[in-house]
Structure formats: structure tokens, C-alpha cells
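Note on naming: letters A, B, ... go to the chains in the order of the sequence lines (proteins, then strands), and numbering restarts at 1 for each one. Any value given below was found using the heavy atoms of this structure, including those in side chains, with hydrogens, waters and symmetry copies removed.
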Amino acid sequence: MMIKRLRKQDAIFLLISFVVFAVFQFLISERILSSFWRLNIAVICLNIILASSLNLINGITGQFSLGHAGFMAVGAYVSAVCTMFFHLPFICSILAGAAAAGVLGFCIGVPTLHLQGDYLAIATLGMGEIIRITILNIPQIGGASGMSGIPTETTFTWLFFCMIVTLFVLKNIINSNQGRACLSVRENDIAASAMGINTTEFKVFAFTVASIFAGLAGGLFSHYFGIAHPSSFTFMRSFDIMTMVVLGGLGSLSGSIIGAVILTFIAAVMQSYPEYRMIVYALLLIILMLYRPNGICGDKELVNVILGRFKKGGKNDGTVAENK
Amino acid sequence: MYGRSIRYGVLHIPIEIEGIRRGAIMLGDTLFLQFIQQLINGISLGSIYALIALGYTMVYGIMKLINFAHGDVYMVGAYVGFFAATAVRLPFFPSILLAMVVTGVLGMAVERLAYKPLRHSPKIAILTTAIGVSLFLEYTTMLVLTPQPRTFPPLLPETIYTVGGLIVSFQQLVILVVSIILMILLTYVVNHTKMGKAMRAVSYDPDAAQLMGINVDKTISFTFFVGSSLAGAAGVLVGIYYNSIEPLMGIMPGMKAFIAAVLGGIGIIPGAMAGGLILGIVEALISGFISSTFRDAAAFAILIIILLIKPTGLLGKNEHEKV
Amino acid sequence: MEPLLKTSNLSKSFGGIKAVQDFNIYLHSGELVGLIGPNGAGKTTAFNLLTGVYTPTTGTIEFDGKSLVGLKPYKITKLGIARTFQNIRLFDKLTVLDNVKIAYHYHIKYTLPEAILRIGRYGSEEELVEKKAIELLSIFNLTDKKEELASNLPYGQQRRLEIARALAVQPKLLLLDEPAAGMNPQETKELMDMISWIRKTFDLTILLIEHDMSLVMGICERIYVLEFGKMLAHGTPDEIKSNTEVIKAYLGEEV
Amino acid sequence: MPMLQLEDINVYYGAIHALKGITLSVEEGQIVSLIGANGAGKTTTLRTISGLLRSKTGGITFFDKPLQKKSAEYIVCSGISHCPEGRRIFANMTVSENLEMGAFTRKDKKEVAATLKTVYEHFPRLKERMFQMAGTLSGGEQQMLAMGRALMSKPKLLLLDEPSMGLAPLLVKEIFTIIKEIHEIGTTVLLVEQNARMALSISDYAYVLETGKISLQGEARALSESEDVKKAYLGG
Amino acid sequence: GGSEGKKADTIKLGANLELTGNSASYGASAKNGIEMAVKEINDNGGLLGKKVEVDFADNRSEATEAANAMQKLLDDKVDLIIGPDTSSGVLACVSTADKEKIPLLTPFGTNPDITVDPATKQVRPYVFRAAFIDTFQGKVMATFVTNQLHAKTAAVYVDNSSDYSKGLQKFFVEEFQKSGGNVVASEAYLQKDTDFKAALTKIKASNPDVIFVPGYYQEVGMIIKQAREMGITQPIVGGDGWDSSKLAEIAGAANLENCYFANHYSADDTSEKVKTFVANYQKAYNQKADAPAALAYDSVMIVAKAIKDANSIDKDKVREALGKIKDFDVVSGKITFNEFHDPVKSAVILTFKGGQQAFVTKIAP
Ligand SMILES: Nc1ncnc2c1ncn2[C@@H]1O[C@H](COP(=O)(O)OP(=O)(O)OP(=O)(O)O)[C@@H](O)[C@H]1O
Ligand SMILES: Nc1ncnc2c1ncn2[C@@H]1O[C@H](COP(=O)(O)OP(=O)(O)OP(=O)(O)O)[C@@H](O)[C@H]1O
Ligand SMILES: [Mg+2]
Ligand SMILES: [Mg+2]
């Protein structure tokens with residue numbers, strides 16, 4: 001019955017992912033894509049992980065975090081330390097980075113998530129900066145020079161695989177009891193607690209899960225570029241990620257994907273016009289926001305938007321996954 | 001020993017204040033003097049944060065918008081002042097006035113073009129647009145005026161006063177006094193004038209405000225004008241004080257001013273002042289007595305701790321939603 | 001028989017204002033009781049004390065043998081008290097169906113890994129919740145609105161949805177804060193029937209605040225009257241109707 | 001000539017067509033009520049009159065002056081005051097500041113003070129709570145404040161949107177008494193009410209709104225005796 | 001790598017620069033320097049009879065973006081890469097350069113690890129630099145303050161966000177302590193800071209013989225100004241990051257008395273090269289040339305010489321020719337690449353007289 005339909009949906013999701021993967025893998029291995037675009041596709045994958053996980057906090061749970069870069073930094077550095085100092089296998093290092101970011105996210109989340117709105121934003125922004133400044137002051141991990149010579153083990157396959165795992169996990173969380181609890185916190189936390197939902201628990205939950213994925217992205221990042229440098233994790237990067245989420249549509253996973261793709265793509269294309277690059281980027285951002293203030297997808301999933309166009313009333317089929 | 005002296009081209013004027021000197025002698029070591037000096041440093045730094053935070057908090061107050069472009073308006077103000085003083089060779093007051101007018105108009109224009117169409121959209125959408133505006137201002141300035149720093153002409157005297165081993169400069173005093181005056185002025189405007197009341201009404205419920213006959217657009221424009229011109233004034237003053245300006249100079253002070261505003265209770269004018277001063281003093285004391293390497297981290301940490309104890313900032317009212 | 005809910009000397013003050021003072025009520029299982037009183041008498045505040053939104057300045061609350069003082073709202077809900085709000089608090093940007101499903105939150109037992117992999121109890125429980133939610137909506141005539149966003153419903157339907165959502169928590173005690181506010185007399189009548197019906201069907205105890213006397217007098221078995229935070233009177237509807245103090249403070253001359 | 005005239009008003013919320021060609025008028029010195037089920041468009045009508053919403057077609061005239069494209073500010077100045085649904089008081093201001101806001105467009109301080117005195121006379125509770133933050137008032141107190149605030153502009157026409165919502169019976173009566181008093185001192189009232197019985201009892205004329213259209217209108221007394229109205233809005 | 005089959009009527013240089021972001025002012029100067037050098041080469045008939053073109057890519061002053069920009073340049077099939085300027089940026093590019101076998105010359109990257117892989121201690125075959133390395137400069141300054149300023153104690157005030165600054169600090173402190181000096185205060189600031197009084201108060205209290213501020217001119221200018229205002233009279237010394245006419249403007253000419261820094265060349269050098277460069281730069285951009293501009297200019301000249309020597313733009317041949325460059329006269333001195341691909345050139349110590357740089361001494365490597 002319903003569960004079958006849901007599993008089928010998962011299967012379709014994985015199938016589509018596989019096809020996308022195959023196409024890109026072909027383009028890459030046949031060197032049809034130039035190295036620049038190969039790199040930017042990797043960056044897109046990373047940004048999708050970052051944006052979709054931030055969306056869990058900002059979009060789904062309605063908490064305003066501006067510290068994602070900090071958790072990414074933790075993942076990047078911890079995983080780099082694991083491979084370089086402890087010679088752990090790549091996968092273990094990546095997981096260690098993600099776990100470390102998750103633990104830190106939890107520890108930071110518990111006290112700070114009592115704050116609301118802009119106060120939370122500034123507190124998380126501060127946390128991100130504290131993390132960065134701390135890194136800057138630890139000479140063992142390179143301080144201001146960062147770490148270099150990290151084995152570049154992140155391949156496109158790894159990135160894509162991790163990205164799919166991220167999306168899959170997030171998608172299924174959002175469509176579960178836990179995800180609904182997060183949504184209720186966003187909508188009205190007083191009513192949510194009147195429904196028996198421990199709002200703090202779910203804020204911390206979302207924050208921790210998102211931090212884990214930010215840490216994962218960080219680990220992949222440092223093992224892709226072979227370096228981990230504090231300048232990669234400033235609040236400007238947190239802003240970048242937030243921009244992707246907002247542009248794609250708060251609360252929409254497919255939106256985060258689209259946001260990440262569009263903004264990364266714009267930045268890459270504009271590389272040929274270095275002087276105008278940031279100006280054009282800024283203008284496009286403003287225009288896009290003015291044109292679609294709720295983001296490209298609003299809070300809906302792309303699938304639903306498309307399905308809704310084709311078969312009217314099709315949204316009434318009662319599946320859990322479709323109606324958010 | 002007494003009397004004016006010129007060291008390294010700077011005019012030093014010693015002033016004798018018995019109390020401080022005796023205090024220092026009483027405590028018997030330089031630590032006390034150092035502490036007072038750090039307080040002075042902190043207050044002077046803090047009054048700069050406060051100066052920018054005042055405008056920040058005003059704009060926030062009316063739109064509940066973290067206007068990330070505020071720091072860049074401050075930068076534009078500094079440049080306008082710079083060109084007024086160098087290209088047009090205007091003296092101090094006309095320069096700062098011109099900068100205030102230009103940035104005020106700029107702020108209004110930004111609000112009209114980029115924020116107004118989004119007034120009924122989610123707040124985070126305007127915030128994102130604000131980031132866009134900020135990048136736009138930074139990089140347009142960079143393209144037009146090059147990223148090279150410019151040096152501000154000394155529009156204000158660079159006199160230094162030495163009081164029993166403590167050092168205060170004339171410019172520091174000017175900045176402190178200006179920010180206090182502005183704070184008092186703004187508090188008065190917001191609480192006791194018609195425009196101020198309109199601002200508060202609009203900030204709470206624009207629709208209801210409209211029903212009172214308040215022109216919401218005008219009120220918001222006015223707020224942006226005032227807030228941005230304050231940023232412009234700050235830009236010129238700080239430009240003179242540090243005498244070096246460049247297109248990205250707004251980022252960090254903007255951020256710090258935002259922190260200051262939040263620290264004091266965002267949207268509250270005396271809060272911005274208090275927040276700025278506290279932030280400045282904390283930074284100075286931490287640099288002076290703990291370690292300058294952790295200065296920014298400590299500033300953030302203190303902010304977070306204060307917020308955890310008092311979630312709406314120092315002067316913020318703990319407004320529990322009435323259920 | 002021990003009452004289901006019993007408060008003694010419950011008080012709450014805000015700064016100088018004593019919003020609720022020595023509030024003593026009891027509710028037996030299955031009763032439908034009204035709480036009335038002039039505006040600002042402290043009725044909503046009393047609800048907020050019972051549901052943990054405010055902590056009492058002094059006094060005790062005993063529910064089903066347990067003390068509620070100091071418990072967080074979500075814990076109190078889990079013990080079996082659900083409520084609606086005077087100013088409607090729906091999950092505005094979620095569908096009507098999701099609004100109700102969320103209320104089943106703590107009855108759903110599957111774990112996070114089960115949810116992520118969609119294995120184990122995930123399927124069966126989700127199906128069950130869906131079924132229950134739709135049943136509940138049909139009781140409230142909201143089935144055909146289940147995919148609408150809650151905020152798009154007209155006011156009357158929003159009120160009904162709020163009650164439906166509170167029922168989904170499967171409480172023992174239901175607190176309704178002005179359920180008929182903003183309804184016209186015809187709608188109020190329908191609501192009255194509905195309240196009596198759900199009490200029977202779900203075997204509920206109900207405490208309700210209302211200013212519409214046709215509703216209060218029509219369905220409540222007992223009525224408490226608050227004034228300036230203090231209990232003014234307590235009795236059956238007929239007793240209250242003829243209580244001169246209540247008439248003076250609250251009802252006005254004729255009802 | 002009526003004081004206020006609405007002619008073929010069509011209002012949309014995005015795709016939702018909320019008012020479908022409404023024509024109504026209010027004579028000077030009357031109390032006119034507008035009744036109808038939830039979501040019929042009563043609030044929308046008032047918001048259109050006071051300039052918060054715009055009609056796509058038709059026109060609104062007030063004392064023969066067109067209001068159609070005018071700002072809310074202009075409309076308040078010309079003598080229409082709107083006490084909105086849900087009170088919309090300024091929760092972060094004190095009671096007295098809220099009342100001051102009501103007189104925002106008025107210049108003469110003495111006259112404003114006089115009005116303030118009469119408002120406090122109507123609502124002694126507000127005087128007691130003069131310095132309380134309006135957000136912490138109870139529902140009824142807030143409603144009084146909202147009405148008091150609307151009166152502060154000394155309007156010729158007062159638009160009231162469900163003033164009795166959430167009020168204790170005694171207060172409902174009081175509010176209606178106040179409406180009558182306000183009316184007696186020469187204010188014309190356009191009243192939106194769920195409490196149709198009460199509303200009709202004090203009105204001169206009434207309109208019934210049904211899903212964005214006027215379905216019935218007439219002398220208030222006549223309407224309150226109509227079977228249709230009784231069944232649909234007066235509870236049988 | 002192969003340039004075979006590519007019909008090349010131009011030689012394409014790639015410049016990976018900090019055009020936006022925190023270090024944009026260095027990027028801008030470097031861009032000017034490169035453009036000026038290329039124009040000169042083209043005006044003199046180009047290289048190997050071909051015109052030289054530059055392809056600029058922006059790295060937003062960030063390491064990973066530098067790797068990204070590098071890919072962009074590879075994509076555009078450039079023959080050679082100049083930049084990035086910041087050490088962290090270069091470090092993000094060096095392995096790609098080796099992998100893709102494309103010569104990379106950083107004008108300003110001073111970190112020792114750039115040319116020598118710290119893990120394997122192997123010299124990176126395709127990576128070169130035009131600047132001093134941190135070790136050398138740090139030592140030079142330590143030697144100078146002990147021998148010439150007779151300093152026994154020093155305070156160090158370092159830019160914590162710059163590995164350049166921290167590198168200089170490290171080697172300065174090592175050398176200074178080795179020769180018996182004592183570091184009495186160690187403070188840090190961050191790029192774009194504007195207020196340094198708190199740390200300076202502390203430094204003043206520690207009463208050092210000399211203050212070492214290895215940083216970039218923008219902050220250094222303000223530091224010197226504020227230090228003098230605070231009544232700090234001790235000598236303040238630093239490295240080549242100081243080199244900019246802006247320094248005197250920001251710090252104030254008078255405040256710069258008793259300040260010293262190490263540099264590649266002296267602007268009042270009598271050498272014809274320096275004179276024309278400074279004059280031409282002033283004419284072209286209406287600015288005084290600073291170190292990033294000079295080194296970027298030199299980088300193009302060095303690369304051009306290597307191509308000329310190799311008589312080919314074959315990447316391997318160019319690389320070999322680069323390694324063999326000896327006693328080549330450029331604006332920043334006479335360059336010889338050592339076995340680590342680092343330039344061997346003597347440093348000059350400069351001071352200020354009335355805001356103008358003045359030659360003090362020359363210290364050979
Ligand atoms: N958070 C608060 N802070 C300050 N005072 C409060 C707060 N909440 C309630 N009050 C005050 O407590 C009193 C009781 O308010 P409450 O909302 O309980 O009244 P009520 O009986 O529900 O009235 P109504 O029928 O109008 O809803 C009021 O005078 C109100 O001003
Ligand atoms: N902001 C809005 N966006 C979209 N639709 C709206 C909005 N406000 C009202 N509507 C719709 O317009 C219609 C008329 O609403 P209105 O609020 O005018 O009704 P009403 O008669 O005042 O009802 P009530 O008695 O519930 O106050 C309703 O269908 C409502 O859903
Ligand atoms: Mg109440
Ligand atoms: Mg209405």
C-alpha cells in the first residue's frame with residue numbers, strides 16, 4: 001500500500017540519481033568536460049550537501065543559523081588530521097570529520113537554540129567565527145597557513161555518492177514523524193509544544209544532523225582540494241550557503257539543489273570576467289530575489305510543482321512524501 | 001616635562017589630573033595605568049562601533065531587517081567624505097554633511113529599489129537581498145575606485161593629550177562625543193517626536209499604522225535616510241581617525257556594529273550605544289590582559305554568553321509572547 | 001472518586017498584576033465544565049498555568065494523580081491535556097492533514113533509522129496515522145480540505161481544525177479557549193452539537209472558556225466564574241444565571 | 001446623496017476573487033451593518049474602503065470625493081477611521097501611546113486632549129491601565145483600546161470590524177452601547193458583526209454579504225425579521 | 001603535457017590573482033604590474049616573434065578558489081601560470097601544476113613549502129617563485145636588529161590571518177633568540193583590523209628595544225601611526241610587505257622615522273631599471289609602484305627570459321630554462337634560482353627620511 005508507494009518513490013529517486021551519475025561519470029571519464037568544469041561539478045556537489053543540510057535548519061525547522069561554515073571547517077580539519085596524522089583510511093577520516101562536526105553541533109545547539117530569530121543568527125555566526133579563530137590559533141594544524149598536502153582522495157564518485165546519501169537521508173527525515181515535528185517548530189513553536197513536541201529537542205536534532213552533513217562536506221572538501229585553510233571558512237561562506245538555500249526556496253530540498261547549482265554556475269561562468277564577477281553575481285542575486293521572493297521553488301518540491309501542473313488534483317493521492 | 005611637545009610630528013599636550021596620578025601611585029604599579037589606558041582604548045573603539053550600530057539598530061527597528069549593506073553604506077560615506085575633502089577641498093563640516101546626505105539618499109534608494117518590493121516577503125529574502133546589495137556596493141566601488149586604500153586628509157587636528165601617562169587623542173573625544181550626542185538625539189526623536197512614534201508604530205504593525213494615517217513608505221524612507229546618513233557620518237569620522245579607507249572597510253565594522261546592536265538589544269537606541277561600548281571595552285581588555293589572538297573569539301563568546309543569560313540583549317525587554 | 005484535575009490555591013502574577021489568585025477547581029472524569037468571567041479576569045492565564053506555558057507563582061495542580069507544576073508544556077500534553085488557543089495557532093503553512101498528523105507525534109513509535117530507511121514500523125505506523133487523521137478530519141467536515149494550507153481556511157474552519165488537532169493528541173482532558181469566538185449564531189449552534197458529540201465519542205473531560213452564553217449555558221454541566229483573577233462563583237448554569245454577583249460583574253441584566 | 005458610496009468593487013488576493021462587484025452606500029448619520037458568514041468578504045470590504053486594499057474596478061466616494069486611488073493617510077484625514085479586525089493595537093506601546101497614535105493626523109493638541117478625555121470616559125478601564133504595555137492587556141481590554149484609538153481621530157465615519165469578538169456579554173452590551181453613543185454624538189458607523197442579532201438591533205440599514213457578493217439588503221428591522229436571515233445568521 | 005598540434009601565434013600567460021576578496025589590493029597591483037610588463041614585451045616585438053597575451057582569473061583571495069581559478073586557466077590552455085600571490089593560494093595550486101606539468105611562478109608567495117614539498121622534501125619541479133622566502137627575510141631582519149640596532153629585547157606584532165606574516169615572525173624569532181635576544185611580547189592582529197591600541201598599550205608596557213611588525217602596509221601604516229600616538233618611540237621594523245608609497249601616507253611621514261624594513265630593491269636605487277619601472281608605472285596607473293606590482297612585473301620578465309632561453313614554449317623546456325636563470329637583472333634585484341627554485345638575491349634594508357624610503361644597508365643571502 002502506502003509504504004510500497006514510498007519505497008517505489010525511493011527506488012525512483014535512486015534510479016534517477018544513478019542515471020545522473022552515469023551521465024556525468026561518462027562526461028568526466030571521457031574528458032568531454034574540461035578540468036575546470038569537472039572541478040565545478042565537484043563544487044556543485046559539495047554545495048548541494050551544504051545547502052540542503054542548512055535547509056534542514058533554516059527551511060524546515062525555521063531556525064536561523066549563520067554558522068554553517070564553522071561546522072564545515074571542523075569536518076575539514078578533523079578529517080584532514082585523521083588522514084595526515086593518524087593515517088586513517090579516507091572513509092574513516094571523512095566519517096570522523098562528520099561525527100566531530102555533529103558532536104560540536106550538538107554541544108553548541110543545546111545552549112544556543114533557546115535563542116530566537118536574529119539573536120540565534122548572530123550567536124551561530126559567532127560560533128562559526130570562534131571555530132575559525134580557534135583553528136587560526138592552533139599551530140599544529142597549520143594556523144594561518146592552513147594544512148596542505150592532504151591526500152586528494154575525494155573523487156567525483158565519492159562526492160556524488162555522499163551527496164545522494166545526504167539528499168536521501170534528508171528527504172526521508174523530512175517526510176517522517178521527526179521531520180513533521182521540525183516543521184511544526186518552524187510554524188508555531190507554542191502550538192508545537194502544546195502538541196506534545198519537545199521543541200528544543202527537535203531544534204537540536206535538526207542542528208546536529210545538519211552539522212553532521214556540513215562536517216561531511218568539509219571532509220570531502222579538504223580531501224578534494226588537498227588543503228584546509230581558515231580563509232575557506234569565513235562567514236562569507238556561511239552567507240553563500242544561506243543564499244543558495246533562500247534562492248532555491250526555504251524548506252524545499254529540490255530548491256536547495258537548484259540554488260546550489262545556479263549560484264555555483266554563475267560564479268564559474270563569471271570567472272572569465274574577474275572584474276565584473278562579483279558585481280554581476282550580486283546583481284543577479286538581487287534580481288532573482290526580487291523576482292522570486294519565496295525562492296525558485298517556494299517551499300514546495302520541484303516534483304510536486306511539475307506534477308501539480310500535469311495532473312490537477314494529483315496532489316491528493318495521500319502520499320506522505322509528496323505533501324509538505 | 002610640561003607644555004606642548006611634538007613627537008613624531010604629533011602634537012602632544014600633557015594634562016595633569018591629580019586623581020588619576022595619585023590612583024596610579026597608590027596602586028603602585030603600571031598595571032593600573034595600563035588598565036585605565038585599555039579602558040580608554042576600549043571606549044574609543046567602542047564609540048566607533050556604537051556610532052555605526054546606531055544606524056544599524058534604527059534600520060533594524062523599523063524593518064526587523066539585518067541590513068548587511070549598512071557597513072557598505074558606511075564605506076561609501078567614507079569615500080564621499082574623502083573626495084569632498086581631497087577633490088573638492090571642503091573642510092570638515094561640509095565634508096561630513098555631504099557624506100551624510102549622499103549616504104542618506106543612497107540608503108533610501110536601496111530601500112526603495114531592493115527592499116520595498118520584498119516588504120511582504122519572508123524576512124530572510126530581504127536579508128539575502130541585503131547581502132546582494134552589500135556585495136554590489138563593495139565591488140562596484142572596487143571596480144570604479146580600485147581596491148587600493150586611500151589616505152584621508154587630516155580634517156581634524158591630530159592632537160594627543162597625555163594625562164599622567166594616559167593617552168587620549170582629540171579625535172577619539174570627538175567620536176565619543178558625537179556618538180553620545182547622536183544617541184541622545186535619536187532616543188529623543190524616536191520616543192518624543194511624531195516621526196519617532198510613527199516609526200515605532202510602523203515597526204510593530206505597518207497595516208495598523210496605515211490606519212492611523214501614517215504614511216508607511218515615507219516613514220521607512222525617513223528611517224533609512226537617518227540610519228544611512230549616520231553610517232555616512234561614521235564613515236567620515238572613522239576615515240579621519242584611522243586615515244585609511246578601502247572598498248571592503250565596511251565588512252568588519254559592519255559585523256561588529258551588528259554584534260554591538262544585538263548585544264545591547266537590537267532595535268533599542270541606547271542599547272546600540274551600550275553594546276558598542278561594551279564590545280569595545282571587552283576587546284581592549286582581552287587584547288590587553290589575555291591575548292590579542294583571541295580577541296574576536298572572546299568578543300563573540302561574550303556576546304553569546306550574554307545572550308544566553310539575557311536572550312534579547314542587555315537592554316532588550318524579555319518579551320514573552322502572550323499566549 | 002478522585003477528581004481528574006484538581007488545583008489548589010493556584011496563583012500567577014505579572015509584575016504587579018495578580019492575573020490569577022487562589023484558583024481552586026476540580027474536574028471529574030467525563031465532565032464538561034465552563035470557565036467564564038469578564039475580559040482580563042485571568043481565564044486564559046489559568047489555561048496557561050494548567051498547560052505549563054506559565055509556571056504558577058504559588059499553588060499546586062494535580063492531574064491524574066501527578067503534579068503538573070514546573071512541567072514543560074510538551075510533558076503536560078503527554079500526560080493527557082490538550083488545548084486550543086484563544087488566538088488561533090495553527091501550523092499555517094502546512095496542510096490541514098499535516099496539522100493533524102503532527103498532533104499524533106508522540107504516539108508514533110518508529111525510530112529515526114527506521115524513518116530514514118523506511119523500514120520496520122515506519123510503513124505501518126505512517127499508514128495508521130494517515131488513516132486516523134483522515135477519520136478525524138471527516139468528523140469535523142474537513143476531509144475535502146485536507147490538502148489546503150491551514151492558513152487558507154476560513155476562520156470557522158480554522159477553529160474546527162484546531163479542535164481536531166487537539167483531539168489527535170488523544171487527551172484525557174481538553175481545554176478549549178473561546179471556541180466560538182468569531183462564529184455567527186448558526187455556526188455556534190453547530191459547534192455546540194459537535195462539542196457534546198466528541199465528548200461522548202472520545203470519552204473526554206472538557207473545560208472551556210467562552211463568552212457566548214448560549215453555548216456555555218447550553219452544554220456545560222458546571223460553571224466557574226472568575227473575576228479579577230479570583231473565583232466569583234461556581235455552580236450549575238441555572239445557579240450562575242441567577243447569581244446576582246455574576247449578573248453584575250459579567251452577564252448584565254437579562255441573558 | 002450618501003456619505004459613502006461603493007460602486008462595483010472587485011478585490012482580489014492573488015488569484016482569489018474576494019469581492020465580486022460590491023455596491024453599497026452609507027447615509028450620513030446612520031449605523032449601517034454588514035453581516036455574513038466567515039470568509040464572506042466583510043473584512044475585505046472595510047480594508048478596501050480604508051485604502052489598505054485596492055479595487056480593480058469601480059469607485060469609492062466619500063462626500064462626493066473619490067477615495068479610490070488615495071492613500072490610507074488621505075482617507076484618515078478626510079474623516080474615515082477603521083478599527084480593524086483582530087484589534088491590531090501596538091503591543092509594544094503603552095495604552096496612552098496607542099491612543100496618541102490614533103490622533104496621528106490631528107494637529108491641534110488641545111482638541112486631541114479633549115478627545116482623549118472623552119475616550120477615557122467611555123473606557124475607564126483604559127485610564128486605569130494607561131501605562132501598561134498594550135500587548136499584555138486581555139482580549140476585551142485590547143478591543144476597547146482599539147476602539148478608543150479609532151475614535152481618537154474624531155472620525156466622521158467609523159468602520160468597526162467585529163468589535164464584539166471575544167468580549168464578555170456585559171462588555172458586548174457595553175460596546176454596543178458605546179457604538180450607539182458614538183453614533184449619537186454624530187459619527188456615522190459602518191459595522192461588521194458576527195453577532196448579527198445585536199448588530200441589526202442597533203442599525204438603521206444592513207447588507208448581507210455572501211461569498212463576496214451582496215445577497216440581501218434593507219432596513220435593519222425588516223432584515224432581522226426575514227426568515228432567510230434568521231435561519232442563516234441569527235441561529236434559527 | 002604537449003603543445004603539439006596547437007597552432008600558436010600567441011603566447012598565453014595565465015594570471016591567477018586575488019582580484020576580489022580580502023587581498024584584492026595586492027591582486028590589483030599585481031595585475032597592473034603584469035599588464036605593464038606584457039605591454040613592454042609586445043611593444044618590443046613580442047616573444048619568439050609571437051604576441052604575449054594574459055588571461056586573468058580571480059581567486060577571491062581564497063585557497064580553494066585559487067585551485068578553481070587554476071583549473072580555469074588550464075582550461076584556457078595557457079602556457080604558463082603566474083600567481084597566486086598569497087602563499088595559501090599558491091599551496092592550493094602547486095600539486096596541480098606538477099600534475100599537469102605546467103610551470104607556475106608565484107610573484108609573492110613566500111612560504112618555504114611552496115617550492116619544496118614538506119612531506120617528501122622534494123623540490124616541486126614546476127613551481128618557482130620571484131620573492132624571498134620567509135626564512136631568509138626573517139633571518140635578515142633578526143640579524144639587522146641585533147647587529148645594527150643592538151636590540152636585546154623585541155616585541156612581535158603579527159598578522160594572525162596571514163601565513164606570510166606568521167612565517168616571518170617564526171624565522172625572525174628563531175634567529176633573534178639564537179643570537180641571544182629575548183622576545184618580551186607577542187601580539188597578533190587580523191587583516192582589516194583598524195584599531196591596534198589595545199595590543200600596542202601592552203607592547204608599550206613591555207618596553208622592548210625594537211618592535212617587529214611583519215605585515216602588509218595597510219595595517220602596518222595604522223599600527224605605526226597609532227604606536228607613535230601612544231608614545232611608543234622604539235624602532236619598528238618589518239618585511240617587504242611594507243613596501244608601498246601608501247605606507248607613508250597612512251602612517252604619516254613623521255611617524256616613520258626610526259622604522260626599518262627589508263626589501264628586494266630600493267626605489268631610490270640608482271639602477272636604470274628601477275627608475276624607469278617606477279616612472280612608467282606612475283605614468284600608466286597614476287600610482288606609486290608597490291612590491292606586489294614590482295614582483296608581478298618581474299615575474300613576467302623572468303618567465304619571458306626563460307621562454308627566450310628555451311627558445312620554445314614547450315612547458316618542460318621552459319621549466320628547465322627557469323631553473324637555470326642566473327644573475328638576471330630585474331626590478332627587484334639580480335636573480336639566480338637556487339636548487340630549491342627560490343631566487344637568491346640580496347636584501348636591502350630601508351628606512352624613511354621625511355616619508356621617503358632611504359637605503360640603509362644591503363644584506364647578502
Ligand atoms: N504575559 C503577561 N504579562 C503581563 N500581564 C499579563 C500577561 N498575560 C496576562 N496578563 C494580564 O493578566 C490578566 C488576565 O489575562 P487573561 O488573558 O488571562 O484574561 P482572560 O480572562 O483570558 O480575558 P479574555 O476573556 O479577554 O481573553 C489581564 O489583565 C492581562 O493584562
Ligand atoms: N490575505 C489574504 N490572502 C488570501 N486570501 C484572503 C486573504 N484575506 C482574506 N482572504 C480570503 O478572502 C475571502 C474574504 O475574507 P474576509 O476576511 O474579508 O472575510 P470576512 O467576511 O471578514 O470573514 P470573517 O468573519 O471570518 O472575518 C475569504 O475567502 C478569505 O479566505
Ligand atoms: Mg482569554
Ligand atoms: Mg473578517
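- Annotation for D:Arg54: atom CZ counts as buried by contact number, over 12 foreign heavy atoms lying within 6.0 Å.
- In this structure, C:Leu251 and D:Pro169 approach most closely via the heavy-atom pair O-CB, 4.0 Å.
- No part of C:Ile36 comes within reach of chain D, as not one of its non-hydrogen atoms sits under 4.5 angstrom from that chain.
- In this structure, D:Gln132 CD and C:Phe14 CZ are separated by 10.5 Å, a value rounded to the nearest 0.5 Å.
- For C:Lys43, no part sits under 4.5 Å from any heavy atom of chain D, backbone or side chain.
- Neither the backbone nor the side chain of D:Ala40 comes within less than 4.5 Å of any heavy atom of chain C.
- The candidate with the highest count of non-hydrogen atom pairs below 4.5 Å against chain D, out of C:Ser214, C:Gly15, C:Gly156, C:Ala41, is C:Gly156.
- In D:Lys20, the NZ atom is crowded: over 12 heavy atoms of neighbouring residues, nucleotides or ligands sit closer than 6.0 Å.
- Atom CZ of residue D:Arg87 and atom CG of residue C:Asn87 lie 9.0 Å apart, to the nearest 0.5 angstrom.
- Note: D:Leu167 leads D:Val172, D:Ile16, D:Asn195, D:Leu167 in heavy-atom pairs under 4.5 Å with chain C.
- The minimum heavy-atom distance between D:Glu141 and C:Gly40, with the atom names listed, is OE2-CA, 4.2 Å.
- A 4.5 Å side-chain heavy-atom check between C:His211 and D:Leu171 finds every atom pair outside the cut-off.
- No more than 12 heavy-atom neighbours from other residues, nucleotides or ligands sit within 6.0 angstrom of NZ on D:Lys154.
- Residues that satisfy the side chain to side chain contact (heavy atoms under 4.5 Å, CB included) test with D:Met93, not counting sequence neighbours, are B:Arg200, B:Ala201, D:Phe90, D:Glu97, D:Asn98, D:Met101.
- Within the 3.5 Å criterion, the main-chain N or O of D:Ala168 finds a donor-acceptor partner in the side chain of C:Asn39.
- Neither the backbone nor the side chain of C:Ala19 comes within contact range of chain D, judged by heavy atoms closer than 4.5 Å.
- For C:Glu187, the part sitting under 4.5 Å from any heavy atom of chain D is the side chain, from C-beta outward, and nothing else.
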